[in-house]
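Note that the structure is predicted; figures quoted are calculated from it, not measured.
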Amino acid sequence: MSHFSPAACVDYFFNYFLMKGVLVTIGLTAAGVVGGLILGMGIALMRMSPNSVVSGVARFYIWFFRGTPLLIQLVVIYSGLPQLGIKFDVITCALVGLILNEAAYLAEIVRSGFMAVSPGQREAAWALSLPRSVTFRRITLPQAFRLMIPPLGNSINSLLKATSLASVISVEEIMRRSDMLMQEHFQILEVYAAATAYYLILTSVWDAVQRRLEKHFSRSTTTKSPRAVAKARTPQTGLEARA
Amino acid sequence: MAIDIDREAGQPRMREVPAVRMEAVYKYYGEFTALNEIDLKVARGERIVVCGPSGSGKSTLIRCINHIEKHDQGLIYVNGTELDHQRKNIDAIRRDTGMVFQSFNLFPHMTTLDNCILAPMTVNGMTKAEAKDLAMHFLTKVRIPDQAEKFPGQLSGGQQQRVAIARALCLRPKIMLFDEPTSALDPEMVKEVLETMKKLAEEGMTMLCVTHEMGFAREVADRIVFMNEGKIVEQAAPEDFFNHPRSERARAFLDQIIH
């Protein structure tokens with residue numbers, strides 16, 4: 001006997017209570033990315049430092065946060081730290097956990113991006129006697145950033161789904177609110193079908209954004225196609241030649 | 001407009017200062033001695049071709065002149081400024097020297113024009129308009145003004161290397177260093193780059209050039225510096241070097257490369 005009700009799925013999908021949970025998921029993800037990138041950039045720079053103490057601290061940080069489950073990190077921050085007198089509200093706990101965890105992954109992505117920039121680029125900047133700050137801002141960073149986008153996008157996709165773990169510490173995002181709705185009428189499949197649809201929509205939207213970012217930032221380097229080279233060899237007049 | 005190498009015309013005494021002077025320069029990579037007691041003097045306006053087998057230290061030699069590589073011992077003076085690992089002196093020397101790399105090393109995320117104007121604007125404090133004028137002047141000189149708005153990836157190898165030459169010239173260097181500028185090029189693009197270099201030589205630019213292009217060396221160089229195992233083995237005018245190499249090593253080298 002089947003109890004599955006497609007109509008209930010649609011109802012849950014347009015449920016205002018669940019929609020507010022979607023906004024919380026988006027907010028957690030966005031804050032996790034921004035906070036994680038800022039912290040991760042710092043950790044990456046420390047990791048690349050010639051000072052072995054500084055790079056050692058960064059190495060330990062990355063080892064620790066990548067080596068333990070986010071779920072345990074969240075629970076420790078929410079339930080464990082109050083034992084030491086450190087107490088935050090739920091959302092702050094979730095943000096701290098997500099940012100600390102995400103930063104460890106992003107630090108490695110940032111570092112690999114910088115390491116993948118050809119040493120010749122730095123040499124050319126030196127030869128032109130460009131100041132260090134200009135070399136970083138105008139030469140190394142933009143090229144490293146471009147190389148970071150694909151793994152960064154992947155990591156953000158993971159983070160988006162990892163925010164569901166915050167439901168365990170009672171943050172009312174998609175997962176938590178689905179649980180709450182489920183407990184009202186026990187329409188388990190219907191509720192989670194709606195939640196699944198929301199996650200798929202969010203990850204798909206992010207995929208599209210990522211593709212556009214990649215396209216935007218690669219416009220100048222992925223021009224090795226024969227057509228572009230042929231065009232380059234054709235004499236052009238004026239400045240309309242930008243492809 | 002001729003390339004501005006006569007900035008000190010009003011100060012005749014300055015002319016006696018060699019463009020480059022190296023005294024007992026050593027460079028090590030771990031146990032390996034990359035440069036072994038290098039003594040070299042390059043006069044202003046002189047055109048030097050550095051040649052020798054691979055791994056002989058040619059590239060290291062010219063990369064030490066603008067401190068892309070740090071020498072470990074000995075003295076290097078560029079236009080009278082000592083290269084003593086002090087930031088201030090390194091920057092001064094780098095402003096006076098332009099470098100062209102085997103792999104072009106253009107900034108791939110910037111247009112040709114932006115590649116050329118970055119250093120004049122940030123290093124020499126030019127306005128964008130001034131820097132653009134200057135860049136267009138040198139892009140015209142290397143005969144690619146029409147590629148100014150293209151990205152490096154859209155250009156052929158020969159075009160990219162000519163942009164790299166223009167970019168270096170935009171700082172109005174007194175010395176140009178070429179590190180195997182044609183080695184990464186398709187054969188049919190070598191000529192356009194060599195022509196550009198010849199033009200530069202004719203205008204009196206001081207040049208140090210690591211190259212395997214012996215035709216270019218014969219035609220353009222005032223002096224050939226032959227290196228082997230980190231040492232300068234032989235220095236001579238091209239005619240003497242090619243017709244009567246003094247060292248056994250140079251003879252063997254020439255036998256290998258001249259067909």
Peer 1: Given that the side chain runs from C-beta out, which part of B:Arg87 has a heavy atom under 4.5 Å from chain A: side chain, backbone, both or neither?
Peer 2: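 Just the side chain, heavy atoms under 4.5 Å.
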Peer 1: Is it the case that atom NZ in B:Lys70 sees more than 12 heavy atoms from other parts of the structure closer than 6.0 Å?
Peer 2: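 Count not over threshold, so no.
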Peer 1: By a 4.5 Å heavy-atom criterion (distance strictly below it), what part of B:Leu106 contacts chain A: side chain, backbone, both, or neither?
Peer 2: backbone
Peer 1: More than 12 non-hydrogen atoms from neighbouring residues, nucleotides or ligands closer than 6.0 Å to CE on A:Met115, yes or no?
Peer 2: no
Peer 1: Under a 4.5 Å heavy-atom cutoff, which of B:Leu118, B:Val100, B:Ile144 has the most pairs with chain A?
Peer 2: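 The answer is B:Leu118.
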Peer 1: Write out, in numerical order, the residues from residues 33-64 of chain A with a heavy atom short of 4.5 Å from a heavy atom in chain B.
Peer 2: none
Peer 1: Could you tell me which of B:Gly98, B:Ser103, B:Ala92, B:Ala119 has the largest number of non-hydrogen atom pairs under 4.5 Å with chain A?
Peer 2: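 Highest number of heavy-atom pairs under 4.5 Å: B:Ala119.
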Peer 1: Counting only pairs under 3.5 Å, give me each side-chain donor-acceptor contact of residues 25-32 of chain A, with atom names and distances, residues two or more places apart or in other chains.
Peer 2:
unit_1, atom_1, unit_2, atom_2, d
A:Thr25, OG1, A:Gly21, O, 3.3
A:Thr25, OG1, A:Ile174, N, 3.2
A:Thr29, OG1, A:Thr25, O, 2.8

Peer 1: Are there residues of residues 126-139 of chain A that reach to under 4.5 Å of chain B by heavy atoms, and which ones?
Peer 2: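 Residues A:Trp126, A:Ala127, A:Leu128, A:Ser129, A:Leu130, A:Pro131, A:Arg132, A:Val134, A:Arg138, A:Ile139 are the ones that qualify, each having a heavy atom under 4.5 Å from chain B.
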Peer 1: Is B:Lys191 atom NZ crowded by more than 12 heavy atoms from other residues, nucleotides or ligands, each under 6.0 Å away?
Peer 2: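 Count not over threshold, so no.
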Peer 1: Among B:Ile93, B:Ile68, B:Asn66, who wins on heavy-atom pairs under 4.5 Å with chain A?
Peer 2: B:Ile68
Peer 1: Please collect all side-chain hydrogen bond (donor to acceptor under 3.5 Å, both in side chains) contacts where either partner lies in residues 89-98 of chain A, sequence neighbours excluded, each pair once.
Peer 2: A:Asp89-A:Thr92
Peer 1: Would you indicate whether the side-chain heavy atoms of B:Pro108 and A:Gln121 approach each other to under 4.5 Å?
Peer 2: yes
Peer 1: Taking all heavy atoms of B:Phe107 and all of A:Ala124, pick out the closest pair and write down the distance.
Peer 2: CE2-CB, 4.0 Å
Peer 1: Of the backbone (N, CA, C, O) and the side chain (C-beta and beyond), which part of B:Thr97 lies under 4.5 Å from a heavy atom of chain A, both, or neither?
Peer 2: backbone
